[in-house]
Amino acid sequence: MSNTLFTAEVTALGGREGRVQSPNGAINLETAMPGTPRASKLPESTNPEQLFAAGYAACFDSALQFIARKERVKIESEVTAHVSLLKDEADEGFKLAVKLTVKAAGAEKEVVENLVHQAHQFCPYSKATRGNIDVTLEMA
């Protein structure tokens with residue numbers, strides 16, 4: 001059994017057409033499905049895919065920096081997560097796909113690619129999604 005380091009908590013009210021809030025107030029956002037009237041009325045609203053993309057990008061960039069330090073390579077990195085909501089033909093529902101676009105400076109391309117692949121094995125989001133959704137790694 002693993003030791004819990006911390007637990008994040010966010011409450012959703014109204015699903016995709018409501019709001020999300022954290023107890024400390026750091027997250028207090030309206031949610032709206034893109035392309036809906038609610039999204040038009042609330043242009044600063046977010047959605048579950050955008051929130052997932054934010055978490056995955058931050059986590060992966062942190063994992064990449066950790067691996068780089070471990071390998072004694074100094075890089076500057078930026079990770080953009082593109083999270084797509086797809087129609088799932090298997091059950092007529094929906095599923096996710098992710099593309100992680102990594103920009104890195106400070107090391108040769110082959111070194112950075114190796115670090116990115118190691119980070120993908122190490123990142124908690126990558127571990128959680130492995131075998132569940134398609135994740136594509138892209139070097140920019």
Side-chain angles (χ1 to χ4, degrees):
M1 182 105 190
S2 299
N3 292 332
T4 301
L5 300 176
F6 69 91
T7 300
E9 178 183 338
V10 174
T11 300
L13 308 160
R16 290 181 175 275
E17 301 294 317
R19 66 180 311 101
V20 290
Q21 299 171 315
S22 62
N24 67 355
I27 296 175
N28 187 7
L29 304 167
E30 297 287 337
T31 55
M33 183 73 169
T36 64
R38 179 174 169 85
S40 296
K41 286 189 247 178
L42 300 168
E44 294 181 10
S45 63
T46 189
N47 57 69
E49 293 72 31
Q50 192 173 47
L51 294 167
F52 185 77
Y56 204 161
C59 188
F60 194 89
D61 194 36
S62 183
L64 179 57
Q65 287 295 322
F66 176 85
I67 295 296
R69 281 190 305 276
K70 183 177 165 192
E71 296 291 326
R72 299 176 191 250
V73 177
K74 185 167 176 46
I75 60 168
E76 292 181 26
S77 60
E78 175 182 301
V79 176
T80 302
H82 309 264
V83 176
S84 299
L85 181 66
L86 309 171
K87 186 74 175 153
D88 189 348
E89 303 300 327
D91 65 2
E92 297 185 26
F94 301 94
K95 62 183 180 179
L96 299 177
V98 176
K99 178 175 71 172
L100 297 174
T101 303
V102 180
K103 293 180 186 176
E108 293 180 16
K109 181 181 178 183
E110 297 79 25
V111 172
V112 173
E113 286 177 353
N114 182 44
L115 295 172
V116 167
H117 288 287
Q118 287 184 64
H120 191 46
Q121 296 304 309
F122 183 78
C123 172
Y125 273 69
S126 292
K127 289 178 183 179
T129 60
R130 190 168 292 117
N132 296 311
I133 65 174
D134 292 331
V135 177
T136 304
L137 303 175
E138 176 181 275
M139 299 296 297

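What you see is a predicted model, and the numbers here were worked out from it, not measured in a lab.
Atom CG in Leu64 sits 11.5 Å away from atom SG in Cys59 (nearest 0.5 Å). Between the OG1 atom in Thr11 and the CG atom in Asn28 there is a gap of 11.0 Å [rounded to 0.5 Å]. Atom CD of Gln65 sits about 11.5 Å away from atom CZ of Phe60, to the nearest 0.5 Å. Thr46 OG1 to Glu30 CD: the interatomic distance, rounded to the nearest 0.5 Å, is 11.0 Å.
Using modelled atom types, one side-chain atom of Glu17 and one backbone atom of Met33 make a donor-acceptor pair closer than 3.5 Å. Judged by distance alone, the side chain of Thr31 and the main-chain N or O of Pro48 form no donor-acceptor pair under 3.5 Å.
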Pairs under 3.5 angstrom only: tabulate donor-acceptor contacts from the side chains of residues 96-125 to other protein residues two or more places apart or in another chain.
{"unit_1": "Thr101", "atom_1": "OG1", "unit_2": "His82", "atom_2": "NE2", "d": "3.1"}
{"unit_1": "Thr101", "atom_1": "OG1", "unit_2": "Glu138", "atom_2": "OE2", "d": "3.2"}
{"unit_1": "His120", "atom_1": "ND1", "unit_2": "Ser126", "atom_2": "OG", "d": "2.8"}

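Residues Leu86 and Phe52 are members of separate hydrophobic clusters, defined by side-chain heavy-atom contacts under 4.5 angstrom among Ile, Leu, Val, Met, Phe, Trp and Tyr. Residue Val20 is not grouped with residue Leu42 when hydrophobic side chains (ILVMFWY) are merged at heavy-atom distances under 4.5 angstrom, including chains of intermediate members. No continuous path of hydrophobic side-chain contacts links Leu51 to Val83 [ILVMFWY only; heavy atoms under 4.5 Å]. Clustering ILVMFWY residues whenever any of their side-chain heavy atoms sit less than 4.5 angstrom apart, transitively, puts Leu13 in a cluster other than the one holding Val10.
Counting heavy atoms of neighbouring residues, nucleotides and ligands inside a 6.0 Å radius, atom NZ of Lys41 does not exceed 12 of them. Around CG of Asp134, the count of heavy atoms belonging to other residues, nucleotides or ligands within 6.0 Å does not exceed 12.
Side chains of Arg16 and Arg38 form no contact here, defined as non-hydrogen atoms less than 4.5 Å apart.
Among residues two or more places apart in sequence or in another chain, the side-chain contact (heavy atoms from CB on, under 4.5 Å) test is passed with Asn24 by Ser22, Ala26. Scanning for side-chain contact (heavy atoms from CB on, under 4.5 Å) contacts around Leu5 gives an empty result, with sequence neighbours left out.
The minimum heavy-atom distance linking Pro23 with Glu9 is given by the pair CD-O, 3.2 Å. Contact record, Glu49 with Leu85: OE2-CD1, 3.8 Å, taken as the closest heavy-atom pair.
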Inset, instruction - Walk me through it: do Glu89 and Lys95 pass the test salt bridge (Lys or Arg N to Asp or Glu O under 4.0 Å)? - result: CA-CA 9 Å; Glu89 303 300 327; Lys95 62 183 180 179; over 6 Å; no
